[in-house]
Protein chains: 2
Amino acid sequence: MAKIDDVARLAKVSKGTVSNVFSQKRRTSQEVTDRVMKVSRQLNYVPNHIARSLVTKKTMAIGLTIPHGNFFFSAFHNQFINGVILEAAYYGYRVLLDMIPVQKVKTPFLSSYPIDGAIVMSPAIDDERINLMHQGQIPFVTVGRVMNANINHTSSVDSDNLMIIYSICKYLIDKGHRNIMFLNANELMTVSIDRKAGFIKAMEDYHIELEEHMIHHKPAILSSEYMDYGYEETIRTLGKFEKKVTAIIADDDRTAFSVMNAIKDLELRVPEDVSLFVICGDLSMMYQSNPSLTSMDLQPSELGVQAVKMLMHKLDVLPGYFPENIWVESKIIERDSCSSIS
Amino acid sequence: MAKIDDVARLAKVSKGTVSNVFSQKRRTSQEVTDRVMKVSRQLNYVPNHIARSLVTKKTMAIGLTIPHGNFFFSAFHNQFINGVILEAAYYGYRVLLDMIPVQKVKTPFLSSYPIDGAIVMSPAIDDERINLMHQGQIPFVTVGRVMNANINHTSSVDSDNLMIIYSICKYLIDKGHRNIMFLNANELMTVSIDRKAGFIKAMEDYHIELEEHMIHHKPAILSSEYMDYGYEETIRTLGKFEKKVTAIIADDDRTAFSVMNAIKDLELRVPEDVSLFVICGDLSMMYQSNPSLTSMDLQPSELGVQAVKMLMHKLDVLPGYFPENIWVESKIIERDSCSSIS
DNA sequence: TTGTACGCGTTATCAT
DNA sequence: ATGATAACGCGTACAA
């Protein structure tokens, strides 16, 4: 593999000049530029990214940490990642997929992270990843609210989770539902806190008594119940316990499908017997399932784009003013899975 | 940020020793190790990954190139990526998500790729990415067969695509179907070649005349028809053209859902009027859609794992013998979307 | 264990 | 304004 000195020698210029030709940090005469480029092509030379990083202290990569060993992306993750990769590429950055807390990092082998910044997806309460970023001095933005002790000002992109659930409840209550079951995210995810609060507030505002079977939390990832989330809760609550639930709010598309399956097994129908509302989800799945699913569109791709922009701003790539927190709008998409009851 | 010299000075050892304490390449006495670690903690020192890479010539990252700007992963991509990340993490490698050919790289800014190797997903015919890897001397393995002029021996992990489609056709034909429509992958994907061949062979072996409406190819990504693939073809063929198709083979879960939607709009039913067979797909979706979908499980996660193992072998991380090509088994999962006709 | 020569560009400083 | 020179970044590895 040819190096800068080889090119310099053959092109009869100094290595500094070759460097400038490639980095464009200083102008070089057309004549010299051509000569250098020609020799470079001959030698198949490209600057060594590592050597460059060593001095510029930029790796041109950002980390994207996906939730602790969550092996199964939902449509939300999917679209979010797409947004991130595309927007990062726009600024010349690549994306390193990361799963920090899957296994404990062995200290002796720890080495500083070769990324310029990071995006932390779906923070948990006292999220270890965030402590690591923080103490490692790595600029980062989170997607979702941070709730770590001792960490106050963090940049984040988020949906207005409290309001989202509140709106969904209002939507269902306006349709006459008073017995709503909410399949929330995992308890440790900060998002679940705000959503739970929104649910409780809605129940209070509409004078509906809160019962235990109305809120469930997604089991821990990798637990045996994880894959069945939605199915079991529905069977148990509507079947065995005979609660008169008339509407179900599902955390994501996967959960929603589990719920539909349970409803089918209970010999009930959507939406005649039970209304089903999905938070986010795969567009084509939402539309093309039977019935099509009414959902709250969280705009995951836009969340990804905004997260990258915010990070680029922190890295001084993107100038201008940025607020500490950005909210991405979400809106209800009415389809056929929610009906009115009298 | 503290550097190795600072630690060396304070711990009263040479930098070489500090290096050894962290890299474990040579033993250091317990006493010295403790002293070095203590000072390192005080100074919050961690070895600089970039500087280390410069000399070891290893970045401990592999690239994963996902199909040209395919913004929407199917379940296959999803599970595949999961397999890759997990297996790579096992060997201490991180995964850089890559989308090389989305936009042309501007030559002057080109710099050598900071990865030790790469996994190329879903190669196309004369795939530019593979030419790049090849001339860039980057060890790589593909998932899917390579069909580039002048490139002969490449390591790859693959399913037996010809056999897969042949088996599916046999499965359907055994159920009495003789009018099968195949929604193939995009024409430029090498996988579509083998699958088409499998389809044609099956028709020949069972003496079924091949008609034009029986094979379709997924439109180019980003084309306006892309998102509608499956829907339009079904409506047109079964509706407008009134072809008596009794069974449809869909390329992936997304396509399958589009087909189901079209069938619904044509006021037909699955499987009573039309049988539907899906190649791979999201497990919970397959199971929980209505009816549950009979599918060919390609084991995408296992494909990812094998691809990483193969790459690790190429990088001399994993010893032993590896064949040039690995086939991952796939098998039919019978569910409720295919019925017999008399 | 220690000393020290690398690895490979970048960038400030100097010269033209 | 452009080109050349040399110091520098931060570890690793090998000889002493």
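Labels below follow one simple rule: chain letters A, B, ... track the order of the sequence lines, proteins then strands, and each chain is numbered from 1.
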Of the options C:dT1, C:dT10, D:dT12, whose atoms approach the side-chain atoms of B:Ser19 most closely? D:dT12
Minimum-distance nucleotide to A:Asn48 side chain [options: C:dC8, D:dG11, C:dT1]: C:dC8
Tell me whether the side-chain N or O atoms of B:Arg52 pair up with the base of C:dG7 as donor and acceptor below 3.5 Å, since no angle test is needed here. no
Can you say whether the rings of B:His313 and B:Phe322 are parallel (under 30°), tilted (30 to 60°) or perpendicular (over 60°)? parallel
Separation of B:His49 atom NE2 from D:dG11 atom C1', in whole Å? 12 Å
Quick one: is C:dC8 close enough that its OP1 or OP2 comes under 4.0 Å of any side-chain N or O from A:Tyr45? no
Nucleotide of C:dG9, D:dA4, C:dC8 approaching A:Ser14 most closely (side-chain heavy atoms): D:dA4
By the 4.0 Å heavy-atom rule, please label B:Ser53 as base, sugar-phosphate, or nothing. nothing
Measuring to OP1 and OP2 of D:dT2, would you say a side-chain N or O of A:Thr17 lies under 4.0 angstrom away? no
Which part of the nucleic acid does B:Val18 contact within heavy-atom distance under 4.0 Å: base, sugar-phosphate only, or nothing? nothing
Would you please confirm or rule out a distance under 4.0 Å between OP1 or OP2 of C:dG9 and any side-chain N or O of A:Ser23? no
Please determine whether a side-chain nitrogen or oxygen atom of B:Lys12 lies at a distance below 4.0 Å from atom OP1 or OP2 of C:dT1. no
List the atom of B:Met310, the atom of B:Ser156, and the distance in Å for their closest heavy-atom pair. CE-O, 3.6 Å
May I ask you to verify if any side-chain N or O of B:Thr56 is less than 4.0 angstrom from the OP1 or OP2 atom of D:dG11? no
Could you give the CG-to-P distance, from A:Leu43 to C:dC8, as a whole number of Å? 14 Å
For A:Ile50 and C:dT10, what is the distance between atoms CD1 and P respectively, to the nearest whole Å? 13 Å
Rounded to the nearest angstrom, tell me the gap between atom NZ in A:Lys58 and atom P in C:dT10. 14 Å
Euclidean distance, atom CG of residue B:Leu54 to atom C1' of C:dG9 [Å, nearest integer]: 8 Å
In whole Å, what is the span from the NZ atom of B:Lys57 to the C1' atom of D:dG11? 13 Å
Quick check against the 3.5 Å criterion: does A:Ser19 have a side-chain atom that pairs as donor or acceptor with the backbone of A:Lys15? no
Lys/Arg N to Asp/Glu carboxylate O, A:Lys3 vs A:Asp6, below 4.0 Å: no
Distance check needed: D:dG11 C1' versus B:Lys3 NZ, whole Å only. 12 Å
Which of these, B:Val308, B:Val95, B:Leu311, sits in a side chain to side chain contact (heavy atoms under 4.5 Å, CB included) with B:Glu87? B:Val308
Checking all strands, does A:Lys15 fall into the base, sugar-phosphate, or nothing category for heavy-atom contacts under 4.0 angstrom? base
Base, sugar-phosphate, or nothing: which does A:Thr28 touch, judged by heavy atoms less than 4.0 Å apart? sugar-phosphate
Given DNA chain C, 5'-ward residue of the pair B:Val55 and B:Asn20, judged by closest heavy atom: B:Asn20
A:Phe22 has an atom CZ; how far is it from atom C1' of C:dC8, in whole Å? 14 Å
Checking the side chain of B:Arg129 only, and the main-chain atoms of B:Met121 only, is there a donor and an acceptor separated by less than 3.5 Å? yes
Looking for any heavy atom pair under 4.0 Å, which part of the strands does A:Arg26 touch: base, sugar-phosphate only, or nothing? base
By nearest-heavy-atom nucleotide on DNA chain C, the more 5' of A:Gly16 and B:Ala51 is B:Ala51
